[in-house]
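Below: one structure, written as structure tokens.
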Amino acid sequence: MAGLFITFEGIDRSGKTTQAERLAERLRAAGRSVVFTREPGGTGLGRKVRGLLLERRSEVDPSAEMLLFAADRAQHVNTVIRPALLQGKVVVSDRFFDSTVVYQGHGRGLDLDRVQAVQEVATGGLRPDLTVLIDVDLETVKQRWIPEDADRLEAAGDAFFDRVRKGYQWIWQAEPERVLRVDGRLPVEDLACRIYSEVRERLAGAVRPNG
Ligand code: TMP
């Protein structure tokens, strides 16, 4: 059976992790073999990189930040995602390269062409079959978080997250066939049902010939 690669994206506290987990559970219940994973931190190396990147006291240059996310991604693609796809599994990843494009490209202001070029190296050209974008406005996410608990990226401020959200909108508009945008303000169960039915519809008959 062909593998499928599904990624979840959205700004911090959009609810994407909950929805990614729900989808993985539903696909398992439907008999698919599923690998649920995340970035940063989906591998042993990645967990160390995650610590370096999110530690609030770290000072990280934007280019260094982008390259560290890319290093995590290369390890993740080559040791977790591709092998699972080659075994015909469904891989559900909480974040992938769109996060780098919007957080380091749109958010930090790094050159988008350069960011894209680094993604090619990190992924070896692997692209998701489907990306679920959980879209939520800043006011809603702010009601969901406690500022003192924020990690280094979450503490980046409103203007940063505004650029990140716009970056996601831009990707969705540019690639509507890959990116499914859903309203993250919907109740959790309603959203989970909507995502599952869209995933089933979009992926019916989808074939990934060579991982
Ligand atoms: P998480 O909270 O969804 O696990 O993501 C951790 C943080 O890392 C979140 O603030 C988004 C950020 N991030 C980037 O800035 N660039 C990336 O490439 C990835 C994968 C995450």
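Whatever order the structure lists ligands and atoms in, that order sets their numbers, starting from 1.
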Next item on the list: Mind jotting down which residue pairs meet the side-chain hydrogen bond (donor to acceptor under 3.5 Å, both in side chains) criterion with at least one end in residues 42-52? Sequence neighbours excluded, please.
Entry: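 Residue pairs with at least one partner in residues 42-52: there are none.
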
Item checked: Selection residues 134-144 - residue pairs positive for side-chain hydrogen bond (donor to acceptor under 3.5 Å, both in side chains), sequence neighbours left out -> Asp135-Arg165, Asp135-Gln169, Asp135-Arg181, Asp137-Thr140, Lys142-Asp158

Note to self: Students should be able to answer this: which protein heavy-atom is nearest to atom 9 (C) of ligand 1, and at what distance?
What the structure shows: Asp12 OD2, 3.2 Å

Notebook entry, point to check: To the nearest 0.1 Å, how far is atom 1 (P) of ligand 1 from its closest protein heavy atom, and which atom is that?
Noted result: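 Minimum-distance protein heavy atom for atom 1 (P) of ligand 1 reads Arg95 NE, 3.6 Å.
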
Notebook entry, point to check: In terms of side-chain geometry, is the basic nitrogen of Arg194 or Asp190 positioned less than 4.0 Å from the acidic oxygen of its partner?
Noted result: no

Check: Are Arg127 and Glu120 ion-paired here, with the side-chain N under 4.0 Å from a carboxylate O?
Finding: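 No salt bridge links Arg127 with Glu120.
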
Next item on the list: Please identify which atoms of ligand 1 are closer than 4.0 Å to at least one heavy atom of Lys16.
Entry: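 So the answer, numbered in order with elements, is 3 (O).
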
Check: With atoms numbered from 1 as shown, which atoms in ligand 1 lie under 4.0 angstrom from a non-hydrogen atom of Glu39?
Finding: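 That gives atoms 20 (C) of ligand 1.
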
Based purely on interatomic distance, does [X] place a nitrogen or oxygen under 3.5 Å from a nitrogen or oxygen of ligand 1?
X      : value
Arg73  : yes
Glu65  : no
Gln104 : yes
Arg50  : yes

Notebook entry, point to check: Counting N and O atoms only, with roles assigned by atom type, does the side chain of Gln19 sit under 3.5 Å from a partner on the main chain of Val188, one being a donor and the other an acceptor?
Noted result: yes

Check: So which bit of Leu54 gets within less than 4.0 Å of ligand 1, heavy atoms only: side chain, backbone, both or neither?
Finding: side chain

Notebook entry, point to check: Is it the side chain (CB and beyond), the backbone, both or neither of Thr100 that lies under 4.0 Å from ligand 1, heavy atoms counted?
Noted result: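 Answer for Thr100: both.
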
Next item on the list: Specify whether Phe96 and Phe5 have parallel, tilted or perpendicular ring planes, treating 30° as the upper limit for parallel and 60° as the lower limit for perpendicular.
Entry: perpendicular

Checklist line | Selection from Phe69, Phe8, Phe97 by shortest heavy-atom distance to atom 21 (C) of ligand 1 | finding: Phe69

Next item on the list: Check if Met66 has a non-hydrogen atom at a distance under 4.0 Å from any atom of ligand 1.
Entry: no

Notebook entry, point to check: Looking at Glu9 and Phe97, what are the two nearest heavy atoms and their distance?
Noted result: OE2-N, 4.4 Å

Note to self: Using side chain to side chain donor-acceptor pair (under 3.5 Å), reason through Tyr103 and Arg163 one step at a time and then give a plain yes or no.
What the structure shows: CA-CA 8 Å; Tyr103 279 79; Arg163 291 194 297 278; over 6 Å; no

